[in-house]
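Each ligand, and each atom within it, is numbered from 1 in the order the structure gives. We use all heavy atoms of the structure for the numbers below, so side chains are in, but hydrogens, waters and symmetry mates are not. Predicted model only: the values in this text are computed from it and were never measured.
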Amino acid sequence: MDVLIPADAIQERVRNLAEEIRESFPPGAPITVIGVLTGSIIFLTDLIRQLNLPLRIGLIQASSYRGQATVPGKLYIHDEMLPDVRGRHLLLLDDILDTGQTLTRVVDHLRECGAVSVRTCVLLRKIGRQSVPFEPDFCGFPIPDKFVVGYGLDFNDDYRHLPFIGILPDDTNV
Ligand code: XMP
């Protein structure tokens, strides 16, 4: 598999992102970091340990990709693992911004749940794929329009554990 972003480059960028994010919150703000399952879990666990802020953690599930399919379908939001976000400043994390549909929907949902503010951070942003206007507050790396795996991202639930971002070979049955 071709490595698009090596592990050490990810770790360095996560440290820098954490600094940018920390500086963006008012001192003493009640912060909850929300990870979009399942792709954001590795990003979330690395980032929160660099944030150096008192915070709570929450999880939400949103999936538009079912199984092996790479064409977005209906979006499902499950918020059973979401803590009470009323009165909280949220930092919403996702692995990748592709069309923008997922984060647009999840941000709307979190606002409806009573969050004071919702900042968004994506590790990756695919260039030339967005179908809805959405601007993340923080972004790790812009990437080309390739199907990528590793560091939380999967193909059919495999490869999430890889410490780097790799490009799935063309002959994989995507
Ligand atoms: P949208 O289109 O809503 O999609 O911005 C975001 C979600 O799509 C998935 N996605 C990918 N997953 N490799 C993956 O493993 C990719 O290249 C890829 N592109 C999009 C991902 O679940 C993300 O949260």
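Heavy-atom distances between G100 and ligand 1 reach below 4.0 Å in at least one pair. The shortest separation from a heavy atom of D94 to ligand 1 is under 4.0 Å, placing the residue in contact. Under a 4.0 angstrom heavy-atom cut-off, D154 registers as being in contact with ligand 1.
Using a 30° and 60° split on the angle between ring planes, Y151 and F43 fall in the tilted class, from 30° to 60°.
Numbered from 1 in the order shown, with element, the atoms of ligand 1 that lie under 4.0 Å from a heavy atom of K146 read 17 (O). The L153 neighbourhood of ligand 1 comprises atoms 12 (N), 13 (N), 14 (C), 15 (O), with distances under 4.0 Å to a heavy atom of that residue. For ligand 1 and Q101, the ligand atoms under 4.0 Å from any heavy atom of the residue are 3 (O), 5 (O). Atoms of ligand 1 lying under 4.0 Å from any heavy atom of K126, numbered from 1 in the order shown and given with element: 16 (C), 17 (O), 18 (C), 19 (N). Numbered from 1 in the order shown, with element, the atoms of ligand 1 that lie under 4.0 Å from a heavy atom of T102 read 1 (P), 3 (O), 4 (O), 6 (C).
Of the possible polar contacts, one joining the R22 side chain to the Q50 backbone as a donor-acceptor pair under 3.5 Å is found. Side-chain atoms of K126 come within 3.5 Å of backbone atoms of K146 as a donor-acceptor pair (strictly under, hydrogens ignored).
The shortest N or O to N or O distance between L97 and ligand 1 is not under 3.5 Å. Looking at L103 next to ligand 1, no N or O pair under 3.5 Å apart turns up.
The shortest heavy-atom contact between R13 and C139 is NH2-O, 2.9 Å. The minimum heavy-atom distance between L17 and G140, with the atom names listed, is CD1-CA, 3.9 Å.
By the criterion of a heavy-atom distance under 4.0 Å, the side chain of D95, and not its backbone, is placed next to ligand 1.
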For residues 111-122, dump all side-chain donor-acceptor pairs below 3.5 Å to protein atoms at least two apart in sequence or in another chain.
| unit_1 | atom_1 | unit_2 | atom_2 | d |
| --- | --- | --- | --- | --- |
| S117 | OG | H89 | ND1 | 2.7 |
| R119 | NE | S24 | OG | 3.2 |
| R119 | NH2 | S24 | O | 2.7 |
| T120 | OG1 | D137 | N | 3.2 |
| T120 | OG1 | D137 | OD2 | 3.4 |

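Pairs engaging residues 27-41 under the side-chain hydrogen bond (donor to acceptor under 3.5 Å, both in side chains) rule: T32-R88 [sequence neighbours left out].
Remark: I5 CD1 to I167 CD1 distance equals 9.0 Å, nearest 0.5 Å.
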